[in-house]
Enquirer: 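This is the structure I have questions about; it appears just below.
Numbered from 1 within each chain, the chains take letters A, B, ... in sequence-line order.
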Amino acid sequence: MSERRKPYPFDQFEPKWQRIWDERQLFHAPNPGEQNFNPARPKFYVLDMFPYPSGAGLHVGHPEGYTATDIIARYKRMRGFSVLHPMGWDAFGLPAEQYAIKTGQHPAATTRENVARFKSQLRGIGFSYDWQREINTTDPEYYKWTQWIFLQIYDSWFNPETQRAEPIATYRGADPDSVRLAYVADVPVNWCPELGTVLANEEVVDGKSEVGGFPVVRRPMRQWMLRITAYAERLIDELDRLDWPESIKLLQRNWIGKSEGAEIEFKIAAGERRSTGIRVFTTRPDTLYGATYLVLAPEHPLVEEIAAKERRTSVREYREQAARKSELERTELAKEKTGVFTGAFAINPASGEKIPIWIADYVLLGYGTGAIMGVPAHDERDLEFARKYGLRIAEVVQPLNGEPATGFVGEGRAVNSAVIEGLPTAEAKKKITAWLAERGLGRGAIKYKLRDWLFSRQRYWGEPFPIIWENGKHRAVTDHELPVTAPDLNDFKPTGTGEPPLAKARDWIRYSETAARETNTMPQWAGSCWYYLRFCDPRNAQRFVGEEAERYWMGRAGPPGAPTAGSDGLPGGVDLYVGGTEHAVLHLLYARFWHKVLFDLGYLSTPEPFQRLVNQGIILGEDGQKMSKSRGNVVNPDEVIDAYGADAFRCYEMFMGPLEQMKPWSMRGVEGVSRFLARVWRLFMDETQAAAWELSPRIQEIAPEKAQGKVVHATIKKVTEDIESLSFNTAISQMMVFVNAFTNAAVVPVSAMRTLLLLLNPFAPHITSELWEKMGAKFPILPPEITSHPWPKYNEALLVEDEVELIVQVNGKLRDKFRASLEATEEELKSAALALPKIQQLVAGKEIRKVIIVRKKLVNIVLAS
RNA sequence: GCCGAUGUGGCGAAAUGGCAGACGCAACGGACUUAAAAUCCGUUCUCGCUAACGCGGGGUAUGGGUUCGAAUCCCAUCAUCGGCACCA
């Protein structure tokens with residue numbers, strides 16, 4: 001045997017138990033109405049962010065969150081919950097398509113192989129997923145419903161009166177296409193020539209593609225958009241009742257970026273071409289008197305109209321130059337502001353002053369009204385711009401602490417501002433806004449940074465749009481034509497012109513004599529926007545999720561009769577959702593948006609998808625660096641499991657430190673945890689002469705000693721509480737303490753050992769199942785499967801000591817300790833402490849000013865100084 | 001630049017107003033062994049005093065504050081990580 005001897009025979013029993021769980025389908029959770037459904041059990045929905053099955057297989061980062069949720073799932077089952085714990089595949093996406101371009105292998109084939117690999121790896125770790133609920137976003141039976149949901153969005157509009165999505169039929173306006181939640185627009189998009197596709201803003205980092213790091217340029221193209229901005233207010237407001245990390249909520253709030261201010265109309269000065277005027281947005285209407293110029297975004301539609309003849313050329317040049325700039329150049333060149341004067345003037349509605357109108361690319365068309373009033377005295381950007389181009393600077397806010405007014409952007413007192421003279425900023429804002437509104441010159445307004453969601457991609461490996469074009473107009477395919485499957489291609493290359501690869505499939509595009517199919521596909525986010533709903537009812541052929549199943553699994557957790565979703569202010573949904581922070585804004589915002597649309601349309605019972613969210617921290621390589629192929633510090637879970645077993649792998653992942661923290665991998669650490677499990681094994685099993693294992697005769701049906709009983713119950717308490725708070729690392733520490741306490745005992749009680757196995761089972765399900773079975777052969781117990789045994793309860797009475805050790809401090813410094821009865825009065829404790837020889841020495845000859853007594857903890861004697 | 005998180009032994013960490021360093025790793029010493037591995041037992045924040053049992057001082061990024069008492073609460077500074085970055 002060249003192979004290192006295993007400290008315990010995990011290689012024999014781990015596959016055995018994985019097979020048994022599979023055969024007996026122990027982790028299948030029946031839906032309401034199905035066989036074995038027990039309505040008395042409260043439900044618990046614990047979900048992982050499902051992976052993209054890449055060619056590289058699992059890395060050790062995936063199983064971190066997965067192990068945490070698996071522990072919760074197994075624990076909740078033992079606590080009598082009906083647990084929904086599913087897994088699936090987010091399998092559309094760019095890597096499979098790029099691999100196809102390189103090798104000609106169909107993405108479907110690559111995906112199939114990768115899924116098989118991922119699945120066998122996940123099984124090898126012993127996760128208790130309900131595999132009957134496995135889903136795959138690339139399965140036509142799945143994306144049929146992704147397309148169906150898209151059509152619900154397409155067929156809806158957001159009614160501002162009710163603040164809800166409604167069927168488009170309820171819209172009374174002339175042009176329903178202008179208000180649909182899914183609409184077509186010619187928008188400047190992030191075109192990546194290298195990838196041959198358009199990217200969402202979120203997929204562009206520093207002017208380069210997030211995938212591959214290729215340059216990205218702006219270019220106008222016809223695209224499908226989803227009107228997520230309609231939900232901006234609700235997406236902010238309804239964060240409040242979610243149990244999410246505050247930092248993630250903040251990230252979402254900042255991403256949505258709500259600003260309150262006012263829109264103000266500036267008339268174009270006489271003598272120029274007539275126009276209605278220019279509308280600007282500002283959060284500081286109180287600085288209106290300080291507005292000494294206006295700036296329009298270069299792409300602003302009014303620019304053509306107002307530009308003075310003699311300025312046309314320079315204006316046109318500047319606009320072309322701005323349009324040519326890629327995002328990258330714009331950010332890189334952002335160091336210095338540029339702009340040109342249009343030759344036109346506007347009238348400041350408050351001061352009546354005639355002020356010049358400029359264009360500059362520091363003003364963005366996509367935000368606010370695409371135009372600003374320049375208030376150089378009280379805005380850093382405007383100040384920089386005004387100084388560069390010699391524009392007038394007018395101070396209109398007086399700082400309260402005597403700072404110089406120019407460049408002051410905080411709140412102060414209005415000056416040189418007739419209507420609001422002397423008012424503090426907050427009041428000045430209100431008054432000037434009202435003053436403008438009375439005169440029809442402005443109004444209070446709220447703007448968001450959030451943009452509508454660019455929803456189309458020029459790719460092959462994604463959901464085709466269920467849309468037909470005829471005579472230049474789009475319409476939905478009928479429901480019974482779903483799913484719209486993509487044609488088989490042997491060439492997946494982008495056309496390079498911006499036309500999607502699907503454009504190559506001439507027959508497929510042709511829908512009728514006069515109608516053609518949409519050739520764009522949906523982005524990868526689409527499938528993950530609603531997968532948690534499909535898990536509730538994955539084989540339903542009639543509906544994207546059955547109503548009863550949705551109500552049951554997405555409702556509030558708790559026994560029958562407990563508050564229903566929304567009734568106590570908590571939105572309900574998935575009870576625990578664990579995944580990485582990288583999805584803090586995108587996936588989580590998109591999913592919330594789709595969920596709300598479906599909720600508004602009456603398809604769902606809860607307003608939010610995920611009640612509680614937890615982010616696991618990143619696992620670094622042994623060198624403390626981010627794991628990456630190029631650094632060569634990637635840890636492969638298969639190798640770890642080979643050497644130490646799945647249980648050791650799981651326990652180590654949890655023992656490393658707090659779940660949410662970033663932490664480095666350590667093989668030595670795995671070894672330590674493996675040693676712990678080996679000690680558990682040897683607590684039960686003795687090795688025979690023939691190198692076989694047999695149940696140790698030390699294990700007997702006896703009552704635990706008092707000290708042992710205390711450890712047992714302290715451990716039940718700590719492990720239970722720690723699992724509830726996801727403090728898995730300290731739960732394992734406590735079980736180590738437990739095992740250390742029994743390691744050298746001559747005899748060990750069966751009851752204590754059963755408790756240990758139950759507590760350890762969610763963490764190390766294989767070894768505990770095996771030992772439970774081995775022990776059951778000699779000391780039978782029902783049920784025979786540990787996984788269906790109830791969770792142990794602790795007896796508080798056994799934890800209470802009748803005597804406690806108290807510490808004695810003098811002036812807050814630890815000086816001595818003594819034992820005292822729990823019943824001792826404060827007076828008794830005080831005199832006992834003062835009677836200690838050491839304390840007497842320290843106190844001798846000094847005045848005792850005060851004695852502080854904390855029950856069961858300490859006596860602190862404070863001396864006069 | 002703005003926002004957020006984190007900072008504790010040689011290392012992963014624990015303690016969230018009351019004994020700093022539980023538990024694990026590593027290191028060192030011992031037992032078992034012909035030997036090694038494995039296993040079991042012990043030591044390990046730091047400085048000073050003591051022949052020794054011990055005793056005392058200091059210590060949770062840095063500086064200040066609140067408190068009888070601070071790793072924990074407050075203020076400032078520094079460092080690391082993450083997000084946003086002309087959003088008017």
Side-chain angles (χ1 to χ4, degrees), chain A residues 4-5 7 206 245-251 253-255 257-259 261 280-284 287 291 295 330-331 333-335 337 360-364 366-375 378-382 384-385 409 447-451 581-582 584-585 615 617-618 620 622 624 626 651-652 655-658 660-673 675-676 678-679 682 687 727 729-740 743-744 805-817 838 849-854 856-863:
Chain A
R4 203 168 64 88
R5 231 185 82 72
D206 290 335
E246 279 308 316
S247 58
I248 299 294
K249 291 192 193 179
L250 195 67
L251 239 43
R253 284 197 191 97
N254 290 344
W255 188 263
K258 178 177 180 174
S259 302
V280 305
F281 174 71
T282 178
T283 55
R284 292 296 298 271
T287 63
V295 188
R330 273 215 187 183
T331 39
L333 298 176
K335 285 162 204 150
K337 295 192 183 358
D361 67 2
Y362 84 92
V363 174
L364 309 173
Y367 181 75
T369 60
I372 62 156
M373 59 183 203
V375 184
H378 307 292
D379 182 286
E380 280 173 36
R381 297 153 301 184
D382 296 345
E384 189 195 329
F385 192 75
V409 297
K447 299 287 174 193
Y448 303 91
K449 280 201 296 191
L450 184 70
R451 310 292 164 84
T581 335
E582 65 272 22
V585 276
N615 293 117
I618 296 171
L620 305 171
E622 298 227 35
K626 219 174 199 158
C651 288
Y652 175 66
F655 187 64
M656 291 171 81
E660 283 151 286
Q661 199 170 298
M662 182 189 295
K663 44 210 177 279
W665 186 267
S666 154
M667 276 305 174
R668 300 273 199 186
V670 186
E671 224 169 287
V673 172
R675 272 203 281 271
F676 159 67
R679 282 156 74 104
R682 289 195 311 269
E687 195 166 18
S727 308
N729 55 330
T730 49
I732 293 171
S733 293
Q734 180 62 34
M735 289 188 278
M736 287 173 168
V737 170
F738 182 114
V739 171
N740 290 347
T743 290
N744 288 313
E805 190 176 59
L806 289 100
I807 61 168
V808 184
Q809 297 178 331
V810 175
N811 288 339
K813 286 197 177 174
L814 175 69
R815 294 302 178 187
D816 207 351
K817 302 170 189 184
K838 217 188 256 178
R849 194 144 56 98
K850 203 186 310 181
V851 176
I852 288 155
I853 293 169
V854 181
K856 296 191 215 172
K857 293 249 156 129
L858 61 76
V859 178
N860 185 10
I861 296 156
V862 186
L863 301 176

Enquirer: Please work out if A/S259 contacts a base, only the sugar-phosphate, or nothing of the nucleic acid, heavy-atom cut-off 4.0 Å.
Expert: sugar-phosphate
Enquirer: Under 4.0 Å: is that the gap between some side-chain N or O of A/T730 and OP1 or OP2 of B/A22?
Expert: no
Enquirer: Kindly compute the distance separating CG (A/N254) from CG (A/L450), expressed to the nearest 0.5 Å.
Expert: 12.5 Å
Enquirer: Applying a 3.5 Å limit to both distances, which nucleotide forms a Watson-Crick or G-U wobble pair with B/A5?
Expert: B/U80
Enquirer: If you assign A/L250 and A/Y362 each to the RNA chain B nucleotide with the nearest heavy atom, which residue ends up on the more 5' nucleotide?
Expert: A/L250
Enquirer: Any N or O donor-acceptor pair under 3.5 Å from the base of B/A88 to the side chain of A/T283?
Expert: no
Enquirer: By nearest heavy atom, map A/A678 and A/S247 onto RNA chain B; which one lands nearer the 5' end?
Expert: A/S247
Enquirer: Donor-acceptor check, side chain of A/K447 to backbone of A/T369, threshold 3.5 angstrom: yes or no?
Expert: no
Enquirer: Using the C1' atoms only, state how far B/A13 lies from B/A20, rounded to an integer number of Å.
Expert: 13 Å
Enquirer: What contact category does A/G669 fall into here, base, sugar-phosphate, or nothing, at under 4.0 angstrom with non-hydrogen atoms?
Expert: nothing
Enquirer: For B/C55, does either OP1 or OP2 sit under 4.0 Å from a side-chain N or O belonging to A/K838?
Expert: yes
Enquirer: Looking at B/G18, B/G83, B/C84, which one has an atom nearest to any side-chain atom of A/L858?
Expert: B/G18
Enquirer: Mind checking who B/G21 pairs with, Watson-Crick or G-U wobble, both distances under 3.5 Å?
Expert: none
Enquirer: For a quick test of reading the model: is some side-chain N or O of A/Q661 closer than 4.0 Å to OP1 or OP2 of B/G12?
Expert: no
Enquirer: Kindly say whether, by distance alone, the side chain of A/Q809 makes a donor-acceptor pair under 3.5 Å with the base of B/G18?
Expert: yes
Enquirer: Looking across every strand, which nucleic acid part, if any, lies under 4.0 Å from A/I852 by heavy atom: base, sugar-phosphate, or nothing?
Expert: base
Enquirer: Provide the distance between the two C1' atoms, one in B/C47 and one in B/G9, to the nearest whole Å.
Expert: 15 Å
Enquirer: Just to be sure I understand the rule, does A/M662 reach a base, reach only the sugar-phosphate, or reach nothing, if contact means heavy atoms closer than 4.0 Å?
Expert: sugar-phosphate
Enquirer: Do A/N860 and A/V851 make a side-chain contact, defined as non-hydrogen atoms from C-beta onward lying under 4.5 Å apart?
Expert: no
Enquirer: Without swapping roles, check the side chain of A/S666 against the backbone of A/G669 for a donor-acceptor pair under 3.5 Å.
Expert: yes
Enquirer: Between A/L863 (CG) and B/C68 (P), how many Å, whole number?
Expert: 14 Å
Enquirer: Any strand is fair game: report the nucleotide pairing with B/C45 by Watson-Crick or G-U wobble, both distances under 3.5 Å, or none.
Expert: B/G58
Enquirer: Would you say a side-chain N or O of A/R815 is under 4.0 Å from OP1 or OP2 of B/C19?
Expert: no
Enquirer: What distance, rounded to whole Å, do you find between the two C1' atoms, one in B/G21 and one in B/A15?
Expert: 9 Å
Enquirer: So what does A/K857 touch, heavy atoms closer than 4.0 Å: a base, only the sugar-phosphate, or nothing?
Expert: sugar-phosphate
Enquirer: Quick one: is B/C68 close enough that its OP1 or OP2 comes under 4.0 Å of any side-chain N or O from A/K850?
Expert: yes
Enquirer: May I ask you to say what A/V737 touches in the nucleic acid, namely base, sugar-phosphate or nothing, with a heavy-atom cut-off under 4.0 Å?
Expert: sugar-phosphate
Enquirer: Would you call A/K249 and A/E246 a salt bridge, using N to O less than 4.0 angstrom?
Expert: yes
Enquirer: Expressed in angstrom and rounded to an integer, what is the separation of A/K663 atom NZ from B/A14 atom P?
Expert: 10 Å
Enquirer: Taking only N and O in the side chain of A/N729, is any of them less than 4.0 Å away from OP1 or OP2 of B/C23?
Expert: no
Enquirer: State whether A/Y367 places a side-chain N or O below 4.0 Å from either non-bridging phosphate oxygen (OP1 or OP2) of B/A88.
Expert: yes
Enquirer: Write down the distance between CZ (A/F738) and C1' (B/G24), rounded to a whole number of angstrom.
Expert: 19 Å
Enquirer: What is the distance from CG of A/N744 to C1' of B/C41, rounded to the nearest Å?
Expert: 8 Å
Enquirer: Rounded to whole angstroms, how far apart are CE on A/M656 and C1' on B/C23?
Expert: 16 Å
Enquirer: Consider the side chain of A/P658, meaning its heavy atoms from C-beta on, and name the nucleotide among B/C40, B/A13, B/C68 that approaches it most closely.
Expert: B/A13
Enquirer: Does B/C25 have its OP1 or OP2 closer than 4.0 Å to a side-chain nitrogen or oxygen of A/R675?
Expert: yes
Enquirer: Please report the distance separating the P of B/U80 from the corresponding atom of B/U8, rounded so that it comes out in whole Å.
Expert: 14 Å
Enquirer: How long is the straight-line distance from CE of A/M373 back to CG of A/D382, given to the nearest 0.5 Å?
Expert: 9.0 Å
Enquirer: Quickly work out the A/N740 CG to B/U39 P distance and round it to whole Å.
Expert: 13 Å
Enquirer: What form does the base of B/G9 take, syn (within 90° of 0) or anti?
Expert: syn
Enquirer: NA contact type, A/K817, heavy-atom cut-off 4.0 Å: base, sugar-phosphate, or nothing?
Expert: base
